[in-house]
Amino acid sequence: FDPTAIAAIRLVMAPEAWTNIRTDPNAGDWHEAVFYWNDERVARVGVKAFGNGSRVPGKPPLKLSFDHYVDDRRWRGLEALKFDNSLQDPTFLNEHLGTSVLRAIGVPAARTGWAEVAVNGEHAGFFVVIEPIDDAFLTRWFGADDGALYGNVARRFGRGLNPTDAPLDYFEPQDRDTGDGRDLVALANIVAHGSDAELAAAIDLPGFFRMSIARSVLGSQDSFSADGKNFYLYDDRGTWRILPWDFDYDLSALGVADALAVDLRAPWTTSKWAYDAITGEPYRDPLLARALAMGADPDDVVAELLAGPLRWSVIDAQVVEAAALIRDAVRDDTLDHGAAFDRHVA
């Protein structure tokens with residue numbers, strides 16, 4: 001996760017396995033590979049395609065698991081790595097910039113990097129490397145990983161923490177040993193009907209609020225408060241944490257006018273994807289509404305951002321330096337984002 005370098009990663013696997021991943025990524029089949037990073041070699045690594053809208057043939061996003069075939073194995077403290085193909089972000093920068101902004105204000109967010117990936121000696125593409133939200137991530141941020149962790153079920157979105165009687169239709173336990181959904185029913189009921197004291201005891205409201213406002217400032221229309229998507233829920237010893245994920249559509253990827261139009265107090269009103277998957281009605285984030293009613297002030301978070309990670313001299317230098325590092329790799333990539341890269345970077 002070095003923002004000043006592009007890693008060179010090699011995979012060696014059965015040709016038919018790589019063909020399956022490239023041509024049928026929606027199958028989601030695991031295949032065994034040998035992983036090389038610089039002079040390090042790791043055998044029996046699991047590889048599969050992952051993602052939703054970005055899971056396309058030719059250059060699918062990839063997940064590498066170091067413990068899929070070898071129980072409890074870690075590589076440099078990591079269970080896994082994700083390689084985003086950046087299909088939806090022509091700059092290859094949004095994950096790097098967005099997560100760094102959130103970490104700078106204390107919000108747990110994945111580390112990122114970049115890599116040129118070769119498979120069986122042939123160039124497979126230029127990828128954004130992303131740290132998965134898993135036990136290793138939880139231990140690094142919270143000192144423990146034994147609470148229930150949920151992610152969004154693929155292509156079943158738009159609920160956020162609105163009440164539901166079928167939580168596992170929308171949330172997928174990330175650990176096979178924990179999480180049956182009943183805890184999410186209780187949490188959503190507290191958000192909808194609990195007292196202010198009960199809500200403050202159940203969830204990290206300050207952390208959630210900082211995440212929500214920061215992502216809206218970044219222009220996100222595809223995140224927890226905007227449309228009920230792209231987040232993880234973690235029960236940190238009785239306190240629920242909302243962990244952000246997927247920054248492809250932050251930072252004006254949809255256009256500067258759209259990004260600047262995001263309403264910090266009601267981001268769902270400016271999201272292109274804000275709808276309730278159960279009722280078909282427009283999505284509305286009840287947690288943000290509760291936080292605002294309890295006195296949380298978006299201007300406090302905005303001021304912190306503008307004095308820190310979004311101060312012009314800081315963010316401008318970050319964009320210029322990162323773009324210079326990856327520009328040639330983007331232009332050589334199979335997605336052919338070259339012209340769009342320059343336009344969006346500008």
Side-chain angles (χ1 to χ4, degrees), residues 6-37 44-66 68-69 80-96 110 112-134 151-157 172 174 222 227 229-230 245-250 253-254 272-273 326-344:
I6 297 174
I9 290 174
R10 293 182 293 132
L11 300 173
V12 177
M13 60 198 309
E16 59 272 20
W18 178 232
T19 297
N20 172 260
I21 292 173
R22 289 192 68 201
T23 60
D24 190 14
N26 286 315
D29 298 325
W30 284 101
H31 297 279
E32 187 173 326
V34 180
F35 167 86
Y36 294 88
W37 184 82
R44 304 201 66 203
V45 172
V47 182
K48 72 169 185 175
F50 84 99
N52 291 300
S54 60
R55 193 187 297 199
V56 295
K59 187 197 171 188
L62 303 173
K63 180 176 181 179
L64 275 60
S65 171
F66 299 105
H68 184 76
Y69 293 107
L81 285 170
K82 288 186 172 180
F83 294 79
D84 188 341
N85 60 4
S86 215
L87 176 73
Q88 297 161 322
D89 170 24
T91 69
F92 288 73
L93 294 176
N94 289 352
E95 293 284 350
H96 164 62
T112 70
W114 295 282
E116 296 275 15
V117 178
V119 180
N120 295 338
E122 296 186 357
H123 185 243
F126 178 59
F127 291 82
V128 180
V129 184
I130 305 177
E131 176 185 24
I133 307 297
D134 56 19
N152 298 140
V153 172
R155 296 181 173 85
R156 295 296 300 275
F157 298 130
E172 181 177 13
Q174 301 296 294
D222 195 26
D227 62 0
K229 305 177 189 175
N230 294 324
W245 185 253
D246 194 346
F247 290 73
D248 283 351
Y249 284 126
D250 293 39
L254 296 171
K272 297 178 182 295
W273 301 288
I326 69 172
R327 180 172 281 107
D328 289 344
V330 173
R331 288 175 174 168
D332 291 340
D333 184 63
T334 55
L335 291 180
D336 194 25
H337 276 329
F341 172 85
D342 290 327
R343 183 169 64 254
H344 282 279

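Side chains included, hydrogens not; waters and symmetry mates left out as well; all remaining heavy atoms used. Just so you know, these numbers come straight off a predicted model, no measurement behind them.
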Note to self: Enumerate the side chain to side chain donor-acceptor pair (under 3.5 Å) contacts for residues 333-343, please, sequence neighbours excluded, ordered by first and then second residue.
What the structure shows: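 Counting only pairs at least two positions apart or across chains, the side chain to side chain donor-acceptor pair (under 3.5 Å) contacts touching residues 333-343 are Lys59-Asp333, Arg327-Asp342, Arg331-Asp342.
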Notebook entry, point to check: What pairs meet the side chain to side chain donor-acceptor pair (under 3.5 Å) rule with one or both residues in residues 13-22, with sequence neighbours excluded?
Noted result: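 Pairs touching residues 13-22 that pass the test: Asn20-His31.
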Rounded distance [0.5 Å steps], [atom1] in [X] versus [atom2] in [Y]:
| X | Y | atom1 | atom2 | result |
| --- | --- | --- | --- | --- |
| Glu116 | Phe127 | CD | CZ | 9.5 Å |
| Asp222 | Asp227 | CG | CG | 4.5 Å |
| Phe247 | Ile130 | CZ | CD1 | 9.5 Å |

Hey, are the side chains of [X] and [Y] touching, using non-hydrogen atoms and a 4.5 Å cut-off?
| X | Y | answer |
| --- | --- | --- |
| Asn120 | Val12 | yes |
| Gln174 | Asp134 | no |
| Phe83 | Val128 | no |
| Lys63 | Trp30 | yes |

Taking all non-hydrogen atoms of both residues into account, name the closest pair between [X] and [Y] and its distance.
| X | Y | result |
| --- | --- | --- |
| Pro25 | Pro57 | CG-N, 3.7 Å |
| Ile9 | Phe35 | CG2-CE1, 3.7 Å |
| Ile6 | Phe126 | CG2-CE1, 3.9 Å |
| Phe50 | Leu62 | CE2-O, 3.3 Å |
| Asp248 | Asp89 | O-CB, 3.9 Å |
| Leu64 | Leu11 | CD2-CD2, 3.9 Å |

Sidechain-backbone polar pair: [X] side chain, [Y] backbone, donor-acceptor under 3.5 Å:
| X | Y | answer |
| --- | --- | --- |
| Glu95 | Leu93 | no |
| Asn152 | Asn230 | yes |
| Trp245 | Gly151 | no |

Item checked: Donor-acceptor pair between Asp84 and Ser86 side chains, under 3.5 angstrom ->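 Note: Asp84 and Ser86 side chains miss the donor-acceptor criterion.
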Next item on the list: Give me the ring orientation class for Trp273 and Tyr249: parallel if the planes are under 30° apart, tilted from 30 to 60°, perpendicular past 60°.
Entry: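 If you compare the ring of Trp273 with that of Tyr249, the planes turn out tilted.
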Notebook entry, point to check: Which residue, Ile326, Asp332, Asp328, forms the side-chain contact (heavy atoms from CB on, under 4.5 Å) with Val330?
Noted result: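 Testing Val330 for a side-chain contact (heavy atoms from CB on, under 4.5 Å) against Ile326, Asp332, Asp328 leaves exactly one candidate, Ile326.
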